[in-house]
Each structure stands twice: as C-alpha cells, then as structure tokens.
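Just so it is clear: chains get the letters A, B, ... in the order the sequence lines come, proteins before strands, and each one is counted from 1.
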Amino acid sequence: MEQNDIKTFFSTELLGWYRLIKRDLPWRMNRDPYRVWVSEIMLQQTRVDTVIPYYNQFMSRFPTVTALAEAPETEVLKSWEGLGYYSRARNLQAGAREVKERYGGIVPDDKASVAGLKGVGPYTSGAIMSIAFNRPEPAVDGNVMRVLSRYFCLEDDIAKPSTRVGIEKLAVSLIPEGAAGDFNQALMELGALVCTPKSPSCLPCPVMEHCAARLSGRETELPIKTKAKPPRAEFRTAAIVMGSGEQEGKILVRQRPETGLLAQMWELPHLLLPPDKAKLLADTAPKEQGELAEMISRMLESDTSMLIRPRSWFTDADHIFSHIHWKMRFYLADLGEEAGALEAAAASAGKGNALVAAESTAEYAADARAGQAEASSIYRWIGKEDMETLPFPNLFLRILKQFWA
DNA sequence: AAAACGGGGCT
DNA sequence: AGCCCAGTTTT
C-alpha cells in the first residue's frame, strides 16, 4: 500500500474510533475556548485523573475569563495548590487579563493572538485553535509523539526540540478535512488509552494493521527518548516556630520570592546546608544535631530579629522535584526565655555565635542571597485556619497537617 | 540546546 | 525504591 493510503487509513480509522469511545470529560462539555484553554494548561505535565477535580473547582470559582482576570492572585494560586508548576496558574491569569483588556474578554479566534498569551506554547496554541475553533493546527504533545513515532516507525529522539517540529508537520498532513478538533483529541486519546508508554494494547488498536512499529515487532522500543538526569540532592533544615503570648497557637511561615522554584507560595522557614554540613544531616541521628538546629535558628534571628530556640526534632521529609531532591529535617522551636537542650548541645560542639560558614558553592551562595533579599517583610504568624487561605506546596502542607493533627 | 519548573502514578 | 510522564519559559 502506498504511503498516502497508509496515512488516510490512519486518519479515518482513528477519527471513527474516537467518536465511538471518547471519554466524557468535564472540558468536553462544550467548545467554550476559555474552558478548553484552562483544561489545556492544567493538563500540561499532568494526568487527566489528577486534573478533573481541580478543573471542576477552578471553573466554578472562575467561570469566565473576566472572573479569572479580576480575582486576587493568591486565590488563583490557592486553587492550584497541589497541582504543581505554579507558574502555569500565574501565566494563565496574566493571559486572562490580557484577553480581558485587549480582546474584550473574548478569546480571539486567531492563532498568533492565542500563541502570544503567557503560558501558551506551540502545543497549547494548537490545542486551543483546533479544539475550540476547529482550525487545522497540530497539537503535538507526548502522546502524539509516541503514537506517530510508532505508527510511522520514526527513530528521532523525541526529547529533542527539532523532533517535535518535524512531527508537527506530519501531524498537520494527517488532519481530516473539517475535523481538526476531534482528530487531535483522538490522537491524544489513543496515546492515553491504547498506545501507552509501557505496554501498548495493540490488539484493540484501530490502526494496528498498518502500524510500522507493530509490523516490525518494535512497538515497545519506540519512541526513542534520552533519559533525564537524576535530580541533584539538597539538604535543608527547617523550623516550626511556635508563637507565644500574642502569637499563642500560631506558627511562623514565610512567602517565597516572586520568581523561581515555588514562586510566591508560602512555606515553613528553612535553610540550604552547605555540602560539609549536609553530610552531618545525612549521617547523624536527628537529636544529636544541635549544630544544624543552631544554624536555622541563627538564620531566623537574622531574618526576623526574634530569639528563636530550637527545642526538639519534629520529622524528616524527602521531596523530589523534577530537578532537585530535597532532604529536609524539621525542628520544633519556640521563643522561650531559656536556652533549649539542642542549643546546649550546639555550644558543647564548639560552635559560638559565628555566622554560618562561608558559602562553599555557587548554588548555596545564590540561595543565601535570595533568602536575605526577601527577609523580614515576608514572615507571618498563622493559625491552623490560615491553611485554608494561603497557598502552600504539598510538601509543607503535609508537615502542617501533621503538626496540627 | 539545555536547564528550570511539581507532583503523582506505576511497577 | 526506582522509574516514568513532558509543555513552556528561561538561560
């Protein structure tokens, strides 16, 4: 059979299959461009099952572009809490504000305008244009690269940006006349339900008979993809500082900087350990680390001008981001009058009031500067009920819940 | 071109 | 416990 017939077969069979079995997802209720837009942003790097509850809550709280544009930023961030990649939420709201101001609150039926919105890249602009407006644009995500790599037996590394560009050209050529939205969703649906990464279910696949990878028995070898580097380890000590007097029953939290990791989210105060101290955390029992407790307490004194007394070890927690592995140790601390046991231990370890040892690495220096630049104005005492208002990343939310359990 | 940027699911 | 998933922005 000729290549063009193989392509036509693919498009026709896939589209027919999708129209029979497509899942009933909340963002498929209608073609409202705003609903499509929100769903596509949430679905970046995130599975359908995870997104569904967030999507429903988000749409009821921010039903229109204007509602989102006019909402307080913290509220938007709070609604994104636990979803990850928080710049998506801030970019989405920035986009909503642009649509409100420049396009009167109507998402424009124009590729360049949509592609110009913050947080909207090649995939998302293609998805919005095709799904909401039925324009023949490619929407190439990981599913699509996997499906097409297998069906056409493409051996390019899908981790390379240039590969996506090539697959986009192929994808456009496959779009059936007048069915761009359904076809693009069909491609992703097949990748999600049938042509899965690990063990694809070829037997029920609507296009198996002309799948080049399957025909040559190579469906599990494709697509080719270079593996990511493992995350680098970072050791951090953190404190749960319990207030007294006015602050009785409250604890000390702070807001992260405007940019970078977990930007603008709230957190328990913590400190990146230089490599030599990190070994201490890794190798020594929590209760014998007066020195580490002492370091975080000195950092807090310098930031807040309050006398912080570490009292006891609370818990250890690991958190793995895509590029960093945080190994954290939490101490309970208060503003007590007398020195705590841990401080005594630190003193006997021979550490006086000297500041934390000079930075050993560029990373540590950068972290220390960022911490200092934001110091003092970003700290705040919160009670249990404030957890419902301030956005915290999951790792800190878990610790807070454990503390207030 | 490579790194930064979360969090959860599967085996 | 280790491996996998992968869009956009920034460097």
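Residues A:Asn143 and A:Arg146 bring a donor and an acceptor atom of their side chains to less than 3.5 Å of each other. Side-chain contact, A:Gln45 with A:Arg88: no donor N or O sits under 3.5 Å from an acceptor N or O.
Taking only side-chain nitrogens and oxygens, A:Lys229 comes nearer than 4.0 Å to OP1 or OP2 of B:dA3. The phosphate of B:dG8 (OP1 or OP2) has a side-chain N or O of A:Asn394 nearer than 4.0 angstrom. Close to B:dG7, at under 4.0 Å from its OP1 or OP2, lies a side-chain N or O of A:Tyr86. For C:dA6, the OP1/OP2 oxygens have no side-chain nitrogen or oxygen of A:Arg47 closer than 4.0 Å. At B:dG7, one or more side-chain N or O atoms of A:His319 fall inside 4.0 Å of OP1 or OP2 (strictly under the cut-off). Contact check, A:Arg164 against C:dT8: no side-chain N or O comes under 4.0 Å of OP1 or OP2. Taking only side-chain nitrogens and oxygens, A:His323 never comes nearer than 4.0 Å to OP1 or OP2 of B:dA3.
For C:dT8 and B:dG9, the C1' atoms lie 23 Å apart once the distance is rounded to whole Å. With C1' as the reference atom, C:dA6 and B:dA3 are 14 Å apart, rounded to whole Å. Comparing the same atom, P, in B:dG8 and in C:dT9 gives a spacing of 24 Å after rounding to whole Å.
Distance, A:Met145 CE to C:dA6 C1': 7 Å, rounded to whole Å. When the P atom of B:dC5 is taken as reference, atom CG of A:Leu83 falls 18 Å away, rounded to whole Å. Per the geometry, CD belonging to A:Glu40 stands 14 Å off C1' belonging to C:dT8, to the nearest Å. Nucleotide C:dT10 holds its C1' atom 14 Å from the CG atom of A:Leu261, rounded to whole Å. Put simply, NZ on A:Lys118 is 22 Å from P on C:dG7, counting in whole angstrom units. What separates NE2 of A:His325 from C1' of C:dA1 is a distance of 11 Å, to the nearest Å. With rounding to whole Å, A:Ile320 atom CD1 is found 17 Å from B:dC5 atom P. Atom pair A:Phe392:CZ and B:dG7:P shows a separation of 13 Å (rounding to whole Å applied).
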Quiz prompt | Trace of the side-chain contact (heavy atoms from CB on, under 4.5 Å) decision for A:Lys7 with A:Phe152 | solution = CA-CA 9 Å; A:Lys7 289 168 94 175; A:Phe152 293 101; 3.8 Å; yes
Quiz item: After noting the C-alpha distance and the side-chain angles of A:Ser79 and A:Phe62, does the key distance pass the side-chain contact (heavy atoms from CB on, under 4.5 Å) rule?
Solution: CA-CA 10 Å; A:Ser79 72; A:Phe62 314 110; 3.7 Å; yes
Practice problem: May I have the step-by-step check of salt bridge (Lys or Arg N to Asp or Glu O under 4.0 Å) for A:Arg329 and A:Asp316, ending in yes or no? | Solution: CA-CA 4 Å; A:Arg329 175 149 298 161; A:Asp316 280 0; 2.5 Å; yes
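When heavy atoms are screened at a 4.0 angstrom cut-off, A:Tyr123 is found touching the sugar-phosphate backbone but no base atom. Within the 4.0 angstrom heavy-atom criterion, no nucleotide atom of any strand lies near A:Ser87. Residue contacts for A:Arg146: at a heavy-atom cut-off of 4.0 Å it reaches the sugar-phosphate backbone alone, with no base atom in range.
Nearest to the side chain of A:Leu395, among B:dG7, C:dC4, B:dA1, sits B:dG7. For A:Phe321, the listed nucleotide lying nearest its side chain is B:dG7; candidates were B:dG8, B:dG7, B:dC5. Nearest to the side chain of A:Arg232, among C:dT8, B:dG7, B:dA4, sits B:dA4. For A:Pro197, taking side-chain heavy atoms from C-beta onward, the closest of the listed nucleotides B:dC5, C:dC5, B:dG7 is C:dC5. Residue A:Asp141 has its side chain nearest to C:dG7 when only C:dG7, B:dG6, B:dA1 are considered. Comparing C:dA6, C:dT8, B:dA1 by their nearest atom to the side chain of A:Ser162 picks out B:dA1.
The CG atom of A:Asp182 lies 11.5 Å from the CD1 atom of A:Ile175; values are rounded to the nearest 0.5 Å.
Heavy-atom distances to DNA chain B give each of A:Ser199 and A:Lys160 a nearest nucleotide, and the one nearer the 5′ end belongs to A:Lys160. Between A:Ser322 and A:Pro161, the one whose closest nucleotide on DNA chain B sits nearer the 5' end is A:Pro161.
Between the base of B:dG8 and the side chain of A:Thr46 there is no donor-acceptor pair shorter than 3.5 Å. Between the side chain of A:Arg88 and the base of B:dC5, no donor-acceptor pair of N or O atoms lies under 3.5 Å. Judged by distance alone, with hydrogens and angles left aside, A:Lys225 brings a side-chain donor or acceptor within reach of the base of C:dA6, the pair sitting under 3.5 Å.
Side-chain atoms of A:Glu81 come within 3.5 Å of backbone atoms of A:Phe392 as a donor-acceptor pair (strictly under, hydrogens ignored).
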